[in-house]
Participant: 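Quick one: this structure, given as structure tokens, is what I'll be asking you about.
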Amino acid sequence: MASTPAASTTPRAGTLLPGSGPVLVGILNVTPDSFSDGGDFLDPEAAAGHAATMLDEGAAVIDVGGESTRPGSDPVSQGGEIQRVVPVIDRILAARPEALISVDTYRSETAAAALEAGAHLVNDVTALRGDPRMASVVAEAECPVVLMHMQGEPKTMQKEPHYTDVVSEVRDFLAQRAEYAVAAGIRREDVILDPGIGFGKNLEHNLALLRNLEAIVSLGFPVLIGASRKRFVGTITGLQEARERVFGTVATTVLAYERGATYFRVHDVRANSEALAVAEAVLRF
Ligand code: HH2
């Protein structure tokens, strides 16, 4: 079962790891246009209520995002993003002070505002490339950071993703970004790597990355997987409606866990939590 680590002021990637068990990161999109839950949690009270539900279902971390990165999406303004995420972080922590909060942003000002409001880690889908000041904000906060691989940018990334060898290219990119982070003053134990499922990748690319996840795990950093409800799951299962892609998502979670991933960024916490509890019991006897 994904267990909840003890609350602390500034948890680190190492301390976020509850023993050797998996960690569920519940997705909270405070956006009008996210691909599967856009518009559901724009109201801060509704968002905090959903966070509480995900915590009760087994999430250890809530990932709060104020901008959709779905293929073709448009960016939100800096101020607009802060106005979306900070009131939600405030409300979650007022109701559940033990909650660990991640902010899903590539903008340093949003990250700084979220950390000031009490967030514990930064989830940067650009791996510190989107804003030159992001690395120093993370380094100064001494907080964990997720570095994700993406080919291109959300507006155009799914047009023609191309790799000669997707696994080694993603692995090499993540290794370089981890070294960049460490050189910028971020502690090595605060770095979490993510192959970026669906970010400039077609079906075969996503499958190759999941199949060969050990190549990324072997870099020696904790690995996060974000496959929840994504299009490739719908392509395989024939499900157009993203909310229906729960069972296919659970398959990705279990397979990635078996291959060494630690963090699972999911919409459907209960289903993934129960599956991980069983997978963990089988694998870690
Ligand atoms: N995927 C999404 C957003 N943020 N962060 C990480 N580290 N890894 C991911 O795979 C990832 C992510 C996209 O999913 P979602 O938040 O559900 O949708 P949207 O971007 O439309 O809000």
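Every heavy atom of this structure was used, including side-chain atoms; hydrogens, water molecules and symmetry mates were not. When a ligand or atom number is given, it counts from 1 through the structure's own listing order.
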Participant: If you look only at pairs with a residue in residues 171-201, which of them pass as a ring-ring contact (aromatic ring centres under 6.0 Å, His included), with sequence neighbours excluded?
Facilitator: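 As it turns out, the ring-ring contact (aromatic ring centres under 6.0 Å, His included) pairs with a partner in residues 171-201, which skip direct neighbours, are His149-Phe173.
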Participant: Can we say Glu179 and Arg188 salt-bridge, meaning some charged N sits less than 4.0 Å from an Asp/Glu carboxylate O?
Facilitator: yes
Participant: With sequence neighbours excluded, what pairs up with Arg129 under the salt bridge (Lys or Arg N to Asp or Glu O under 4.0 Å) test?
Facilitator: none
Participant: Between Asp131 and Arg107, does any NZ, NE, NH1 or NH2 come within less than 4.0 Å of an OD or OE carboxylate oxygen?
Facilitator: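 The answer is no: the pair does not qualify as a salt bridge.
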Participant: Please name all residues satisfying salt bridge (Lys or Arg N to Asp or Glu O under 4.0 Å) with Asp33, sequence neighbours left out, ordered by chain then number.
Facilitator: Arg70
Participant: Who are the residue neighbours of ligand 1 when the rule is a heavy atom under 4.0 Å from any of its atoms?
Facilitator: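 Residues near ligand 1: Asn29, Ser34, Phe35, Ser68, Thr69, Arg70, Asp104, Asn123, Val125, Val146, Met148, Asp194, Phe199, Leu224, Gly226, Lys230, Arg265, His267.
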Participant: Do the side chains of Leu255 and Ile225 join up, straight or via other hydrophobic residues, at under 4.5 Å, putting them in one cluster?
Facilitator: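 Unlinked, Leu255 and Ile225 end up in two clusters.
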